[in-house]
Chemist: 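Structure incoming, see below.
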2 protein chains.
Amino acid sequence: MTETAPRPTLEAVAERAGVSRATVSRVVNGAHGVREALAERVRRAVEELGYVPNQAARSLVTKRHDAVAVVAAEPESRVFADPFFAQQLRGISKELTAHDNQLVLLLTEGREDHARVGRYLAGGHVDGALVFSLHLDDPLPGLVRRAGVPTVFGGRPGWDDGRDGVVYVDSDNRGGARAAVRHLTGLGRTRIAHITGPLDQTSAADRLAGFRDLRADAGPGLIERGDFTSGGGERAMRELLDRCPGLDAVFAANDLTAAGALRVLRERGRRVPDDVAVVGFDDMLPVAEQTDPPLTTIRQDIEEMGRLMARLLLRGLDRRASGDETSAIAAPAPSGVVLPTTLVRRASA
Amino acid sequence: MTETAPRPTLEAVAERAGVSRATVSRVVNGAHGVREALAERVRRAVEELGYVPNQAARSLVTKRHDAVAVVAAEPESRVFADPFFAQQLRGISKELTAHDNQLVLLLTEGREDHARVGRYLAGGHVDGALVFSLHLDDPLPGLVRRAGVPTVFGGRPGWDDGRDGVVYVDSDNRGGARAAVRHLTGLGRTRIAHITGPLDQTSAADRLAGFRDLRADAGPGLIERGDFTSGGGERAMRELLDRCPGLDAVFAANDLTAAGALRVLRERGRRVPDDVAVVGFDDMLPVAEQTDPPLTTIRQDIEEMGRLMARLLLRGLDRRASGDETSAIAAPAPSGVVLPTTLVRRASA
DNA sequence: CGGGGAGGTGAGAGCGCTCTCCGGCACCAC
DNA sequence: GTGGTGCCGGAGAGCGCTCTCACCTCCCCG
């Protein structure tokens, strides 16, 4: 079918333009120091021949790939059930594209995949990695560290001990949770319950921490563990209602959970928000806007998270490339960047 | 920080094992014709040195990259609002991984991005492309064709004239629509309405066609255009109800649309499914399971679509690589593969 | 016991590019 | 005129790998 036409090489362009390979290379790579007349001739030759540099050959000598790996553990329902990952990806993609970098997607599933990813990263096929690590016991972080690839994490890694210069981007889960609680108390609610997410995920743990910040007195009776699913939200809500029928507000760790809680609340004859006010987290649109009543929730700028991750990584790569130790000191890589969240007020609280 | 240690080369392994580069290469690439004793020595040296082949160097000579581009137009709400894309990606990823291929993700947005993608594909950085083309007037298909890269499309391209050997994978939208209607008529419904999707997308057009297959007599009064969103579903449902208050069933082009319709139905005091039965399409879980009542819908195997796309592409690449004209004739690339859909019965119909 | 395989192994020529030299040339000052 | 000073541009050496050949053992058969 489509016979792969032999693509023109630098050599061919050089010949056509009547110059040497080196000159063509200089022009193609935007280096200065080539007389305009010559440069123009080269450019025309490039155009006429439809020359595109062979990335493999270039990488071979530069040791740069202009490619970044995005690593995500696939089985994490969170990653794929929500539109989250897609949105982060979009942010990442935009930023990488703007800097002429390619995005190599590595989805893992199971142990053997981890080994594969480790090998791939260690193999020096990409300049850096963007890793989504949501679980406390995630093997991925250790793996990429061993691979020795510059990395930025998405979400606070569980083992961030604040010292080892791990770079990550997260949204302000704790602050968002506080804002949710503050909103609820502002509404005059006093018996506020919290349905957590799976606590082996830092986002869930941080949201719980934020809740506790303002409700230090909340007995365990007002806190029930959920799992970021609506089914879990239902279960937890029932439990909570049985234990503490008089509660007047619920802060759910995410919107799915809140949707489940809402259903149980209605089923038990509680009016929302009159009897019980509900606040979610994420502002996951297809859910938050379509619950009954529409959900008041905490929004995070997912796409910006992705974009920021990419930006941080590329910046780090540049610094490394220029071997500029001083600037590395002048502007040390931030170890964690936390994006603000905002309260979106709808009808449920 | 992590000083990039100079990675061992084939040469280094060869020296350590006391053989020539060629032999190491043979072992590494699994070629036979190396005495077991030697092969073992080589393997040990590889292990000890932690040798990983340099893909750039390899590509330079083989002209193979073991990488496939996945191209998707980002602004299409469909691609990112649904978990669809993520699921297809997962299927694609699994299949590619199984064949040791990398996935390079290219998200486009706007005209200049198209040019960029075109250049990238034409640049021969990947062996093939998987392209999601949902719109009739999508410029992407023409672009990849010009780039001359082996391609498999996701979703039937609008311009598939049945002749030019375009390879694509789609789910059976038309058959699924027929199944939906058949289910409704089986329930004794006679005044069945259809809320379409945006008809410039082949999936929406095909679903409409399936509806028409069995309801050729359905006047335009029973067909209302939607846009795959719940808001559109609401609008269309109101319209339909005003125009034809006696309708007893609705087939919505997707679940989001159905969710919107459901809301309007309730608002207008119609009981579902008693007064009006509703069937959706997609079986988009967070939506279909959580509508009230839960949605009867047509499920498609999204992940399998992705997997199949990848499989088809890789198969084509293999054939091309082996230059095996005869097998190309013996097993011609299928021009379109259509995956079956199944009816998932819940409470709405 | 010698010749002809057959099967292993190594040498070496690139793949297409970048980048370091180094030579050439124009221009200035003396 | 001569020597210096830049700036351009070209030559050439690889980057790490694959792959074709040629060579070199052995082994088998006549």
Side-chain angles (χ1 to χ4, degrees), chain A residues 4-43 45-46 49-67 100 122-125 127 321-323, chain B residues 4-43 45-46 49-67 100 122-125 127 321-323:
Chain A
T4 318
R7 301 198 300 118
T9 70
L10 245 205
E11 187 86 48
V13 177
E15 187 176 357
R16 178 161 196 127
V19 297
S20 75
R21 281 199 325 276
T23 299
V24 178
S25 176
R26 278 188 273 260
V27 172
V28 168
N29 293 301
H32 34 226
V34 177
R35 226 183 323 254
E36 184 48 30
L38 262 200
E40 186 47 39
R41 266 206 349 249
V42 171
R43 264 182 246 117
V46 165
L49 262 33
Y51 170 75
V52 184
N54 179 325
Q55 185 60 41
R58 178 180 283 174
S59 294
L60 186 55
V61 27
T62 59
K63 272 127 178 48
R64 258 283 216 162
H65 299 86
D66 294 320
D100 267 314
H125 302 293
D127 301 328
S322 57
Chain B
T4 319
R7 301 199 299 117
T9 69
L10 245 205
E11 187 85 49
V13 177
E15 187 176 356
R16 179 165 197 121
V19 297
S20 74
R21 278 197 330 272
T23 300
V24 178
S25 177
R26 277 188 274 258
V27 172
V28 168
N29 293 302
H32 33 226
V34 176
R35 226 185 318 259
E36 185 48 29
L38 262 200
E40 186 48 39
R41 271 215 332 259
V42 171
R43 263 182 247 118
V46 165
L49 262 33
Y51 170 75
V52 184
N54 179 324
Q55 186 59 42
R58 179 180 282 173
S59 293
L60 187 55
V61 26
T62 59
K63 273 131 177 45
R64 259 282 216 164
H65 300 84
D66 295 321
D100 268 314
H125 302 294
D127 301 328
S322 57

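All values reported here derive from a predicted model rather than from experimental measurement.
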Chemist: Measure the OG-CG distance between A:Ser59 and B:Leu60 for me, rounded to the nearest 0.5 Å.
Modeler: 10.0 Å

Chemist: I need the A:Arg35 CZ to A:Thr23 OG1 distance, nearest 0.5 Å.
Modeler: 10.0 Å

Chemist: For B:His65, what residues pass the ring-ring contact (aromatic ring centres under 6.0 Å, His included) criterion, not counting sequence neighbours?
Modeler: none

Chemist: Compute the angle between the rotation axes at the two ends of the helix from C:dC1-D:dG30 to C:dC30-D:dG1, each taken over five pairs, rounded to 10 degrees.
Modeler: 50°

Chemist: Could you pick out which residue, B:Val61 or A:Thr62, lies toward the 5' side of DNA chain C when each is mapped onto its nearest nucleotide?
Modeler: B:Val61

Chemist: Which residues pass the side chain to side chain donor-acceptor pair (under 3.5 Å) test with A:Arg58, sequence neighbours left out?
Modeler: A:Asn29

Chemist: Return the residues of residues 13-27 of chain A meeting this criterion: a heavy atom under 4.0 Å from some atom of DNA chain D. Order them by number, or give none.
Modeler: A:Val19, A:Ser20, A:Arg21, A:Ala22, A:Thr23, A:Arg26

Chemist: From the 5' end of DNA chain C to its 3' end, which nucleotides mark the outer limits of contact with chain B, defined by a 4.0 Å heavy-atom distance cut-off (strictly under)?
Modeler: C:dG8 to C:dG16

Chemist: Restricting to non-hydrogen atoms, name the atom on A:Arg7 and the atom on A:Val52 that form the minimum distance, rounded to 0.1 Å.
Modeler: NH1-O, 3.3 Å

Chemist: Would you list the atom pairs, donor with acceptor, under 3.5 Å between side chains in residues 10-18 of chain A and any protein atom, with sequence neighbours excluded?
Modeler:
unit_1: A:Arg16; atom_1: NE; unit_2: A:Glu48; atom_2: OE1; d: 2.6
unit_1: A:Arg16; atom_1: NH2; unit_2: A:Glu48; atom_2: OE1; d: 3.0

Chemist: Report the distance from atom CG of A:Leu38 to atom OG of A:Ser20, rounding to the nearest 0.5 Å.
Modeler: 9.0 Å

Chemist: Mind checking the CZ-CD spacing from A:Arg64 to A:Gln55? Nearest 0.5 Å is all I need.
Modeler: 10.5 Å

Chemist: Tell me the closest heavy-atom pair linking B:Asp66 and B:Asp127, and the distance in Å.
Modeler: N-OD2, 2.7 Å

Chemist: With side chain to side chain contact (heavy atoms under 4.5 Å, CB included) as the test, would you mind laying out the steps for A:Thr9 and A:Asn54 before giving the verdict?
Modeler: CA-CA 8 Å; A:Thr9 70; A:Asn54 179 325; over 6 Å; no

